[in-house]
Amino acid sequence: MDIRTVGVVGAGQMGNGIAHVFALAGFDVTMTDISQDALTASVEKIAQNLDRQVGRAKLTEAERDAAMARISTTPTLTDLGKLDLIIEAATEKEVVKHAIFAELLPHLGPQTILTSNTSSISITRLASQTDRPERFMGFHFMNPVPVMQLVELIRGIATDSATYDALEAVVAKLGKTSASAEDFPAFIVNRILMPMINEAIYTLYEGVGSVKSIDTSLKLGANHPMGPLELADFIGLDTCLAIMNVLHDGLADTKYRPCPLLTKYVEAGWLGRKTDRGFYDYRGEFPVPTR
Ligand SMILES: CC(=O)CC(=O)SCCNC(=O)CCNC(=O)[C@H](O)C(C)(C)COP(=O)(O)OP(=O)(O)OC[C@H]1O[C@@H](n2cnc3c(N)ncnc32)[C@H](O)[C@@H]1OP(=O)(O)O
Ligand SMILES: NC(=O)C1=CN([C@@H]2O[C@H](COP(=O)(O)OP(=O)(O)OC[C@H]3O[C@@H](n4cnc5c(N)ncnc54)[C@H](OP(=O)(O)O)[C@@H]3O)[C@@H](O)[C@H]2O)C=CC1
């Protein structure tokens, strides 16, 4: 199937990164979100990130302008119905994702491929509540999308090979690399990464180290580009907690128990960078550890 038009549902940090890379690769992109503010902020963010790429001579001004011209927004989810590919990148809550698919399905063309950028939720379960489990897949981009090379491709139990092949070709057109993961809780990247982040939070909770010493240890002691607490703030603490809960519930093993301190930060609404406070406070000129 020749994919040219793409709909992105959810204009948060992942939605804007996904729209950015698809527009640069020549696809026509339509974004939607329940919040008009999120849509406006997302387009501004894409413009800023493209400008940064122009500033670093990674792109020409003409390429930037052409990419921006390929992006449009709509507050109406059902406007996405006639597009070739839908990428759902809304909040990591299963009920939210089911509700989006339920509203969209009656408006979708028969050939449209439906995907979710979920970090952890069962693709088979999401697909089972649609009319097209054979054309449904996990399409998992990494954050920040314009920079990270990997896209995880996750087949549900019913996904057909034409759908898999079409998405594999799309990833190649984006200039990225795909890795196939089986549909088990949190797939590959987050099955490995998120327990490490959760363990870093336990290390903080038990007083083994401060925010600064934990992040410095992993950055300088294991050559990670970001410390685990900085990375948790970057991903979003609500998303980290949601992934840990999927691992804990889905694999029924206490080793995946979310750290109570992570739960406390989420209950406080300290979700990391997106709310300006998490393991660091980002409201000043420099991030300041909150513990
Ligand atoms: C939760 C999930 O489901 C799955 C996930 O995504 S897990 C998270 C995976 N991501 C990671 O692990 C990221 C770890 N961090 C890193 O790799 C690096 O810190 C980083 C790439 C984010 C920034 O690197 P850095 O060297 O500190 O920054 P900097 O030199 O300013 O930027 C490097 C490049 O990234 C770009 N960049 C940085 N942040 C960006 C952002 N938020 N959006 C777009 N581009 C960005 C810069 O423009 C620059 O691009 P060029 O190389 O083309 O010039
Ligand atoms: N953060 C990360 O590092 C990664 C996240 N992911 C996955 O990507 C998805 C999005 O994550 P992320 O971008 O970080 O989250 P964000 O919280 O940044 O963005 C989610 C966006 O979805 C919007 N939204 C919520 N409900 C709906 C709805 N019914 N219809 C349309 N939009 C809606 C939210 O609006 P509002 O704020 O108004 O609720 C918000 O703008 C999640 O499934 C997450 O697991 C995947 C890879 C990496």
Side-chain angles (χ1 to χ4, degrees), residues 7-21 24 31-42 45-59 73-78 80 86-104 115-121 123 126 138-152 154 181 186-194 196-197 215 218-219 223-228 230-247 266 269 271-275:
V8 179
V9 184
Q13 51 181 342
M14 293 307 291
N16 85 59
I18 291 168
H20 174 135
V21 297
L24 262 187
M31 302 177 78
T32 189
D33 196 285
I34 40 166
S35 148
Q36 182 58 48
D37 288 351
L39 277 175
T40 308
S42 200
K45 188 77 190 166
I46 295 170
Q48 268 173 27
N49 282 333
L50 287 168
D51 277 344
R52 182 160 54 169
Q53 288 176 301
V54 172
R56 296 188 186 210
K58 304 271 175 182
L59 285 184
T73 64
T74 172
T76 311
L77 174 66
T78 52
L80 271 50
I86 304 292
I87 306 170
E88 173 280 311
T91 312
E92 186 72 347
K93 287 187 182 150
E94 194 163 339
V95 286
V96 169
K97 295 182 187 295
H98 281 307
I100 288 170
F101 295 137
E103 189 180 339
L104 193 54
T115 69
S116 175
N117 184 51
T118 176
S119 295
S120 59
I121 298 167
I123 299 304
L126 289 175
F139 201 23
H140 185 208
F141 289 81
M142 305 295 139
N143 187 12
V145 182
V147 182
M148 304 299 283
Q149 186 61 30
L150 184 77
V151 184
E152 266 184 314
I154 307 114
F187 323 124
I188 295 175
V189 171
N190 286 324
R191 171 80 176 261
I192 298 168
L193 179 68
M194 213 40 76
M196 184 204 71
I197 287 177
D215 276 352
L218 270 287
K219 274 201 286 199
N223 263 5
H224 290 197
M226 285 177 170
E230 187 188 357
L231 182 57
D233 275 358
F234 183 64
I235 291 168
L237 302 188
D238 53 340
T239 302
C240 294
L241 180 59
I243 297 169
M244 286 311 300
N245 279 326
V246 167
L247 282 166
V266 173
L271 306 183
R273 278 187 177 273
K274 63 183 164 188
T275 57

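First listed ligand is number 1; within each ligand, the first listed atom is number 1.
The protein heavy atom nearest to atom 8 (O) of ligand 2 is Asn117 ND2, 3.0 Å. Nearest protein neighbour of atom 1 (N) of ligand 2, counting heavy atoms only, is Ile235 O, 2.8 Å. The nearest protein atom to atom 17 (O) of ligand 1, hydrogens excluded, is given as Pro225 CG, 3.7 Å; this is a heavy-atom distance. Regarding atom 12 (O) of ligand 1, its nearest protein heavy-atom neighbour is Leu231 CD1, 3.7 Å. Ser119 OG, 2.7 Å is the protein heavy atom nearest to atom 45 (O) of ligand 2. In this structure, the protein non-hydrogen atom closest to atom 25 (C) of ligand 2 is Thr91 OG1, 3.1 Å. Nearest non-hydrogen protein atom to atom 31 (C) of ligand 2 is Ile34 N, 3.5 Å. With respect to atom 42 (N) of ligand 1, the closest heavy atom belonging to the protein is Pro144 CB, 3.7 Å. From the protein, the heavy atom lying nearest to atom 47 (C) of ligand 2 is Phe141 O, 3.1 Å. The protein atom (non-hydrogen) at minimum distance from atom 20 (C) of ligand 1 is Met226 CE, 4.8 Å. Given atom 19 (O) of ligand 2, the protein heavy atom at minimum distance is Gly12 CA, 3.2 Å. Ranking protein heavy atoms by distance to atom 41 (O) of ligand 2, first place goes to Asp33 OD2, 2.8 Å. Lys58 CE, 3.6 Å is the protein heavy atom nearest to atom 51 (P) of ligand 1.
Any N or O atom pair closer than 3.5 Å counts here, and Thr239 shares no such pair with ligand 1. Looking at ligand 2, you won't find any N or O of Thr32 less than 3.5 Å from one of its N or O atoms.
With a heavy-atom cut-off of 4.0 Å, Ser35 touches ligand 2 through its side chain alone. With a heavy-atom cut-off of 4.0 Å, Gln13 does not touch ligand 1 at all. Under 4.0 angstrom from ligand 2, the non-hydrogen atoms of His140 all belong to its side chain. At a heavy-atom distance under 4.0 Å, only side-chain atoms of Thr239, from C-beta outward, approach ligand 2.
Listed by atom number, the atoms of ligand 2 under 4.0 Å from Lys97 heavy atoms are 42 (C), 43 (O). Every atom of ligand 1 is numbered from 1 in the order shown, and the set under 4.0 Å from a heavy atom of Asn49 is 43 (N), 44 (C). Atom numbering of ligand 1 starts at 1 in the shown order; those under 4.0 Å from a heavy atom of Asn190 are 1 (C), 2 (C), 3 (O), 4 (C). For ligand 1, the atoms sitting less than 4.0 Å from at least one non-hydrogen atom of Met142 are 4 (C), 5 (C), 6 (O), numbered in the order shown with element in parentheses. Every atom of ligand 2 is numbered from 1 in the order shown, and the set under 4.0 Å from a heavy atom of Ala38 is 41 (O). Within ligand 2, the atoms closer than 4.0 Å to a non-hydrogen atom of Val96 are 26 (N), 29 (N), numbered from 1 in the order shown.
Around atom 35 (O) of ligand 1, the closest heavy atom drawn from Leu193, Thr118, Val147 belongs to Val147. Looking at Met14, Arg52, Met148, Arg56, it is Arg56 that brings a heavy atom closest to atom 31 (O) of ligand 1. Counting only non-hydrogen atoms, the option in Ala90, Gly15, Ser116, Pro75 that gets closest to atom 42 (C) of ligand 2 is Ala90. Nearest-heavy-atom check against atom 1 (C) of ligand 1 across Asp51, Leu50, Ile197, Ile235 picks out Ile235. Nearest to atom 29 (N) of ligand 2 by heavy-atom distance, out of Ile100, Thr118, Leu77, Val189, is Ile100. Taking only non-hydrogen atoms, the option from Val145, Val189, Leu150, Asn143 nearest to atom 13 (C) of ligand 1 is Asn143.
Between the side chain of Asn16 and the main chain of Lys45, no donor-acceptor pair closer than 3.5 Å is present. The backbone N or O of Thr78 sits nowhere less than 3.5 Å from a side-chain atom of Thr76 that would complete a donor-acceptor pair. Using modelled atom types, no side-chain atom of Glu88 and backbone atom of Lys97 make a donor-acceptor pair closer than 3.5 Å. Here the side chain of Glu152 pairs a donor or acceptor atom with the backbone of Val189 at under 3.5 angstrom. Gln13 places a side-chain N or O within 3.5 Å of a backbone atom of Ile235 that can act as its donor or acceptor partner. Judged by distance alone, the side chain of Thr74 and the main-chain N or O of Thr32 form no donor-acceptor pair under 3.5 Å.
Assignment of Lys93 to the shell around ligand 2 is not supported, since no heavy atom sits closer than 4.0 Å. Between Ala89 and ligand 2 there is a heavy-atom distance shorter than 4.0 Å. Not a single heavy atom of Gln53 sits less than 4.0 Å from an atom of ligand 1. Every heavy atom of Met142 sits 4.0 Å or more from the atoms of ligand 2.
Remark: atom 37 (O) of ligand 2 lies closer than 4.0 Å to no protein heavy atom.
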